Number of protein chains: 2
Amino acid sequence: MITHAMEDYLKTVYLLQEGQEKVSTSAIAQQMEVSAASVTGMIRKLAAMGLLNYASYQGVELTEGGKKIAQEIIRHHRLLELYLVEIMGFSWDKVHDEADKLEHVISEEFEERMSEALGHPTTDPHGHAIPAKDGALQEVAYATLTEVDAGSSATVQHVSDNDPEMLRYFDQLGLLPGAVVHVVAKEPFNGPLRLKVDQTEHFVGREVAGNVFVSPQIT
Amino acid sequence: MITHAMEDYLKTVYLLQEGQEKVSTSAIAQQMEVSAASVTGMIRKLAAMGLLNYASYQGVELTEGGKKIAQEIIRHHRLLELYLVEIMGFSWDKVHDEADKLEHVISEEFEERMSEALGHPTTDPHGHAIPAKDGALQEVAYATLTEVDAGSSATVQHVSDNDPEMLRYFDQLGLLPGAVVHVVAKEPFNGPLRLKVDQTEHFVGREVAGNVFVSPQIT
DNA sequence: TTAAGAATTTAGGAATGCCTAAATCTAACT
DNA sequence: AGTTAGATTTAGGCATTCCTAAATTCTTAA
């Protein structure tokens, strides 16, 4: 039987796996705010179930079966976020936590009816791709705002959706998916970036900028 | 901390408590399909938390605190059922199970937005009262169809919503809240009842009829 | 009134999922 | 190669929630 906790682990591994193929125990532990020992324990169980491949000290990689489950959960999560915002009128910064709880609990029919109500969307309110019912999700590896050259513009594709406070901050600044940002200046060393969003200038810390994913603006 | 399991116990006690003030361990065990021993264990924990009063072998009674939580869960459940049917297009017989899972997980805001979308309703699709945000629920003690005299008519108020198969059966027969039923004949002993619903006659077993709650028809 | 029989509780145990502390392994630097 | 810092695993524990089996208490009917 697959538990909610297992689903959370699979989801986390899937999202950390983007790019790399192996994911370390500690990366999972950090992401989930759980001890590394707990991760080891759960990983062994998931490996025994054939949902991921794992060799001691070598890191972890999802099997096809594990990926499928992870995609299902991520699809739930992102459809929920969109549904909560678009249909129920939630604000952008509250949907992540709500979706984290609901994603494990809704039925296939619930998922299907949400998708229908939304016109079978492919992107959630944070700009993340929504995996198709069975197909894979293809998330382009966007640059972050920290990597944009001073003097260049970029379009916000998605933002990290883990921290509600940061989401509210993005909202204030107008850093929503689709927004065009001009990087006016990048202070030397670890100083803030100077951005222009929608006529207004802002200073934004390096760590914050690292959570905003962008593609070069196409004019 | 209140767990989902605790919420389920409180909800069950609350619903069984209607009418009587004391609820027995075995009644709870039967309703929840759990051993009596498990019930005893959980009851002691809930008593220690001040959510119900309990003395060995004497049965159980919710405190005000316990009632409040139970009402909250029941409100969630019934709003969810209505939302699933009215807004999302679920069929009547599937909403109970879905609501049983979601009721423990949704936030206050989710509850509020559902209520709003539904125009702050007071009755769920099975005909059960929806408790107000903080206020108590007042469910009238209706008769069941088995108690209606042959030759009399009655209006369906609500039906037991635990068994999806039975719900589908009610649906087929037209035994929905609001429907007028005429009891044509009650066979002697434990035989079926002969009903007329919407011009059509049906034979319905005693056990089934016991799950249909009615009030005398007001003409 | 007492002895079934029913209801309830206690005792002991299993699975899940988390923790801390201690042991072990890997990798990197001298 | 040897040491050491960091990552990982093992070991031992705790809380939750369920179970079965055995003991206890209550009820009722002969």
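Per chain, numbering begins at 1; letters A, B, ... match sequence-line order. In this text the structure is predicted, and so the values were computed from the model without any measurement.
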Inset, instruction - Please tell me which of A:E33 and B:S26 maps to the more 5' nucleotide of DNA chain C, matching each residue to the nucleotide holding its nearest heavy atom. - result: B:S26
Inset, instruction - Using whole Å, report how far NE2 of A:H104 lies from C1' of C:dG17. - result: 14 Å
Legend entry - Residues that B:F213 engages under ring pair (Phe, Tyr, Trp, His ring centres under 6.0 Å), provided they are two or more places apart: B:H158
Inset, instruction - Please determine if a side-chain N or O atom of A:Y9 lies less than 4.0 Å away from the OP1 or OP2 oxygen of C:dC18. - result: yes
Legend entry - d(CE, B:M1; P, D:dT17) in whole Å: 11 Å
Inset, instruction - Would you kindly say whether B:H96 and B:H77 are connected by a side-chain donor-acceptor distance under 3.5 Å? - result: yes
Inset, instruction - Report the distance from atom CD of A:Q30 to atom C1' of D:dT8, rounded to the nearest whole Å. - result: 15 Å
Inset, instruction - Could you tell me the separation between the CD1 atom of A:I28 and the P atom of C:dC18, rounded to a whole number of Å? - result: 12 Å
Inset, instruction - Applying side-chain hydrogen bond (donor to acceptor under 3.5 Å, both in side chains), name anything that partners B:S107, two or more places apart in sequence or on another chain. - result: A:E98
Legend entry - For atom CE of B:M32 and atom C1' of D:dC19, their distance in whole Å: 15 Å
Inset, instruction - Compare side-chain N and O positions of A:S35 against OP1 and OP2 of C:dC18 and report whether any pair is under 4.0 Å apart. - result: no
Legend entry - Contact list for DNA chain C against residues 36-60 of chain A - heavy-atom distance below 4.0 Å: A:A37, A:S38, A:M42, A:K45, A:Y57
Legend entry - Set of ring pair (Phe, Tyr, Trp, His ring centres under 6.0 Å) partners for A:H4, sequence neighbours left out: A:H104
Report all side-chain donor-acceptor pairs from residues 38-58 of chain B shorter than 3.5 Å, counting only partners two or more places apart or in another chain.
| from | atom 1 | to | atom 2 | distance (Å) |
| --- | --- | --- | --- | --- |
| B:S38 | OG | B:S35 | OG | 3.0 |
| B:T40 | OG1 | B:A36 | O | 3.2 |

Inset, instruction - Look at A:T25 and D:dT9 and indicate whether a side-chain polar atom (N or O) is within less than 4.0 Å of OP1 or OP2. - result: yes
Legend entry - Partners meeting side-chain hydrogen bond (donor to acceptor under 3.5 Å, both in side chains) with B:E72 (sequence neighbours left out): B:H76
Legend entry - Short side-chain N/O contact from A:S24 to OP1 or OP2 of D:dA7, under 4.0 Å: no
